[in-house]
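First the proteins, then the strands, lettered A, B, ... as listed; each starts at 1.
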Protein chains: 2
Amino acid sequence: MKKNSSCPLHYTMNLIGTKWKPLVLFHLLDGSLRSGVLQKKVPGISNKMFTQTIRELEKDGLVSRKIFPVVPPKVEYKLTDRGNSLENILISLDTWGLEDYKN
Amino acid sequence: MKKNSSCPLHYTMNLIGTKWKPLVLFHLLDGSLRSGVLQKKVPGISNKMFTQTIRELEKDGLVSRKIFPVVPPKVEYKLTDRGNSLENILISLDTWGLEDYKN
DNA sequence: GCTATAACTTACCAAAAGGTAACATACGTA
DNA sequence: TACGTATGTTACCTTTTGGTAAGTTATAGC
């Protein structure tokens, strides 16, 4: 049963309602990852889209970026507390896909 | 904790990973609605996008369409069982937005 | 026979998203 | 001094998305 109809869902969708954002966030649930590793975990994403997506997530405070001043470059991304608060939703979306695919 | 890494989430996102689909589905949680009523409940959606979105949801078996042979036309949409299985996720997304907005 | 109605559909155009490939960086190593 | 490395950025182009406005339908009521 729906709780109200003014619909904060609209707000949520403006933050994470794209094809790639939930996928990127999902793969960070287990902890921080190097940029290249994270990108490889998202099948089909181009380099450009990956950068663009992670920049927006960073801007919105859902992931944080840690730069190691080494050569060649090393960058790690991880969920912020705000990003991590999406954990249950991300897992539910994943589980739903798994169940639905069976049918 | 994530359950696996092959990621059925990708499958889920291909079904409902757009700006409008979750919003349309959400407003059908309480039961069937006439086309025009449903459309008015989704703020900012154009007629064209509404039609296109609902057609895809119908094609994917998430909503069903009932036509009443009257003039002027009357059409009602409602969630299928498959669509209704997204209820918890849709509510979670809405609730998350409500909580997040406070901060 | 003209009009209002709800639910579309279509044509046209503008805006945004997205792919590919080249370039940038800076240091250690061959 | 040229190369490899990881992490980007940028330019160019194509594809997709999206908005607006006009057209379509069938009948009841004026």
Side-chain angles (χ1 to χ4, degrees), chain A residues 7 9-25 27-28 31-60 62-80 83, chain B residues 9-28 31-60 62-80 83:
Chain A
C7 202
L9 176 53
H10 197 265
Y11 167 88
T12 306
M13 297 313 290
N14 281 335
L15 270 184
I16 58 163
T18 72
K19 183 177 177 185
W20 297 117
K21 284 180 183 179
L23 285 161
V24 170
L25 293 170
H27 288 294
L28 287 174
S32 57
L33 286 177
R34 286 193 69 165
S35 182
V37 175
L38 176 56
Q39 185 170 341
K40 284 192 191 70
K41 279 185 183 258
V42 182
I45 200 171
S46 70
N47 177 252
K48 181 181 161 184
M49 284 312 296
F50 175 73
T51 303
Q52 184 176 311
T53 300
I54 204 95
R55 289 283 169 278
E56 281 178 30
L57 293 173
E58 201 189 345
K59 170 178 67 69
D60 290 332
L62 295 170
V63 309
S64 62
R65 185 173 187 238
K66 184 173 179 185
I67 305 171
F68 297 82
V70 296
V71 167
K74 177 177 175 179
V75 172
E76 281 187 359
Y77 294 104
K78 70 170 184 177
L79 296 181
T80 61
Chain B
L9 176 52
H10 197 263
Y11 167 88
T12 306
M13 297 313 290
N14 281 335
L15 271 183
I16 58 164
T18 73
K19 182 177 178 182
W20 298 116
K21 285 180 182 178
L23 285 161
V24 170
L25 293 170
F26 180 77
H27 288 293
L28 288 172
S32 58
L33 288 177
R34 286 193 69 165
S35 183
V37 175
L38 176 55
Q39 186 171 340
K40 284 190 191 72
K41 280 185 183 260
V42 182
I45 199 170
S46 69
N47 178 251
K48 182 182 161 185
M49 284 312 296
F50 175 73
T51 304
Q52 182 176 313
T53 301
I54 202 93
R55 290 281 169 278
E56 282 176 31
L57 293 173
E58 201 188 347
K59 171 179 67 70
D60 291 331
L62 294 170
V63 310
S64 64
R65 185 170 186 241
K66 185 173 179 186
I67 304 170
F68 298 81
V70 297
V71 166
K74 176 176 176 178
V75 173
E76 281 187 359
Y77 295 105
K78 71 169 181 176
L79 296 181
T80 61

Sort out for me which residue in L62(A), V63(A), L57(A) forms a side-chain contact (heavy atoms from CB on, under 4.5 Å) with L28(A).
V63(A)
Counting only side-chain nitrogens and oxygens, does T51(B) get under 4.0 Å of the OP1 or OP2 atom of dT9(C)?
no
What is the distance, rounded to the nearest whole Å, between atom CH2 of W20(B) and atom P of dT16(D)?
21 Å
Round to a whole Å and report the spacing from OH of Y77(B) to C1' of dA7(C).
8 Å
Calculate the interatomic distance between R34(B) atom CZ and dA7(C) atom C1'; express it in whole Å.
9 Å
By nearest-heavy-atom nucleotide on DNA chain D, the more 5' of K74(A) and K48(A) is K74(A)
Length of the CE-C1' vector between M49(B) and dG19(D), whole Å:
10 Å
Between V75(B) and P72(A), just flag the one whose closest nucleotide in DNA chain C comes earlier from the 5' side.
V75(B)
For the residue pair H10(A) and W20(B), does the interplanar ring angle fall in the parallel (under 30°), tilted (30 to 60°) or perpendicular (over 60°) class?
tilted
Q52(A) or V71(A), whichever maps to the more 5' nucleotide of DNA chain C:
Q52(A)
Any side-chain heavy-atom pair from I54(B) and L38(B) closer than 4.5 angstrom?
yes
Rounded distance in Å - NZ (K19(A)) to C1' (dG19(C)):
12 Å
Rounding to an integer number of Å, can you tell me how far R55(A) CZ sits from dA17(C) P?
17 Å
F50(A) CZ to dA6(D) C1': how many Å, rounded?
12 Å
Separation of I45(A) atom CD1 from dG18(C) atom P, in whole Å?
9 Å
Test: K59(A) and E56(A) ion pair at under 4.0 Å
no
